[in-house]
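For reference, the structure is listed below as structure tokens.
These numbers come from the heavy atoms of this one structure, side chains and all, not from hydrogens, waters or symmetry mates. Both ligands and their constituent atoms are indexed starting at 1 by order of listing.
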Amino acid sequence: MSGDRRRFFQDAAFFGAGFLGLAEALRGNTQASDPKTARAIEQGRHHSPYGNHKKKEPPAPTGPDPYLRMTTPDLPDLPHEMDGPVKVFHLIAEPVKRKIAPFKTIDAWGYNGSCPGPTLQVQQGERVRIIFENRLPESTSIHWHGLEVPIEQDGVPWISQKPIAPGEKYTYDFTVHQEGTFFYHSHGAMQEMMGMIGFFVAHPERSYKPHADHDFGVILQEWAILPNNTVPNTSAMEYNWLTFNGVSAPAITPMIARLGSRVRLRIINMGMDHHPIHLHGNQFVLTGTEGGRAPESTWYPMNTVLVGVAQARVVEFDAKYPGSWMVHCHLPHHMMNNMMDLLRDRAIETANTTDAKALSQMETLAKSVPFEHVHHSPIAENANSVPGFPQDAFMEMGMDDAVEKPETHGLPPNWSAGMMGMMTLVRVLPDKEYEEMMHRIKRPATPEQKEHRHES
Ligand SMILES: [Cu+2]
């Protein structure tokens with residue numbers, strides 16, 4: 001493989017896609033309950049057999065949440081309003097443009113302008129009303145995965161309800177008597193693979209023990225998107241883009257934890273593959289599944305947790321060691337993004353074009369994007385004579401500036417070259433650095449500060 005050829009494939013990995021706009025801002029909270037919905041509730045169609053009548057009064061509707069909220073990096077929370085003791089959410093299914101990497105925006109489907117959808121957070125015992133609107137071009141419904149709801153609320157087309165037609169609204173209404181890590185998703189398999197999933201977290205009535213200081217959520221997804229395409233192939237069985245919360249490394253926002261704190265990490269999977277999620281430099285315990293909290297007697301040390309399809313896994317660890325610790329899927333092909341640099345040699349035959357044509361095309365594209373390939377890892381002089389070369393070295397493409405955000409402040413130069421696919425960091429910071437980081441996150445770094453952003 002000539003240097004030019006290699007360079008072409010490197011470029012193709014990042015420039016091959018369309019240059020579409022940023023994901024739309026979160027939309028929500030705009031719909032009012034319609035008469036049909038109100039009537040349905042009055043008629044008791046949504047009555048819970050789990051007996052919210054037995055429950056004591058839900059938590060007070062005003063004031064700060066009585067629990068530690070989960071943070072979902074790169075995804076918003078869905079706002080709510082209170083109708084008496086009922087927590088009311090407005091959830092809208094719609095097409096979404098999602099920027100999964102600095103130069104790759106895809107046409108996915110999601111909720112309220114976000115893919116995956118925004119996070120819903122409630123407390124055990126609360127009654128919720130989700131006023132749902134379908135702005136997709138086809139029918140859909142919402143399934144509340146893991147939640148013990150009345151059959152009318154189960155969200156399976158034709159079994160528990162009629163499909164919700166385009167333009168229609170539907171109200172889901174139930175009492176959350178469980179605690180744990182749940183999710184909502186379309187109950188159409190292909191719609192799931194277009195991205196239609198989100199977190200539904202039920203915080204316990206009484207805090208978990210031991211107490212956690214940080215609570216993070218990660219949604220695992222895989223996508224099959226051909227070069228120069230923006231629409232995922234939902235019938236594919238092989239994937240070339242792997243995301244946490246709808247973003248591929250190195251664009252995934254690192255999680256920030258204070259040294260000495262206890263960190264909870266909730267991971268859910270709504271894809272076609274299983275993902276062994278590994279944490280560097282620490283041991284964690286499995287404290288919960290998609291069914292809720294696990295008894296402490298079942299906890300044992302581990303550092304890799306297999307998150308199967310439709311499962312939730314909750315792990316906790318004490319952040320005893322300062323540093324930027326990787327959290328990543330350990331399947332080798334899930335630690336990469338689009339493997340177009342390997343197209344010609346190993347996988348798919350590219351379009352029939354000459355090197356000259358291809359290079360000219362790539363040069364034109366490269367000029368239009370402020371992105372350069374620098375910081376290649378060294379290779380041996382005889383590299384080209386060694387069978388199997390190249391493997392990883394030439395895939396390392398730093399793009400620190402393109403993915404810079406307050407949470408990446410202080411990472412060593414070219415940090416982004418080592419991060420691809422399902423990969424992020426838990427950055428465990430001592431008090432002073434932690435406070436500075438929190439300040440920076442609230443107020444993004446100024447250009448002057450940016451100049452001094454790297455550790456020496
Ligand atoms: Cu994986």
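- Take Met438 and apply the side-chain contact (heavy atoms from CB on, under 4.5 Å) test, not counting sequence neighbours, and it matches Ile256, Tyr434, Ile441.
- Of all protein N/O/S atoms, those under 2.8 Å from the Cu ion (ligand 1) are His275 ND1, Cys329 SG, His334 ND1, and waters are not counted.
- For Thr298, the side-chain contact (heavy atoms from CB on, under 4.5 Å) partners at least two apart in sequence or on another chain are Ala294, Pro295.
- Tyr208 carries Arg293 over the face of its six-membered ring, with the cationic atom under 6.0 Å from the centre and within 45° of the normal.
- With sequence neighbours excluded, the residues forming a salt bridge (charged side-chain N to carboxylate O under 4.0 Å, His left out) with Glu435 are Arg258, listed by chain and number.
- For Lys320, the NZ atom is loosely surrounded, since the number of other residues' heavy atoms within 6.0 Å does not exceed 12.
- Considering all non-hydrogen atoms of both residues, Phe183 and Gly198 come closest at CB-O, 2.9 Å.
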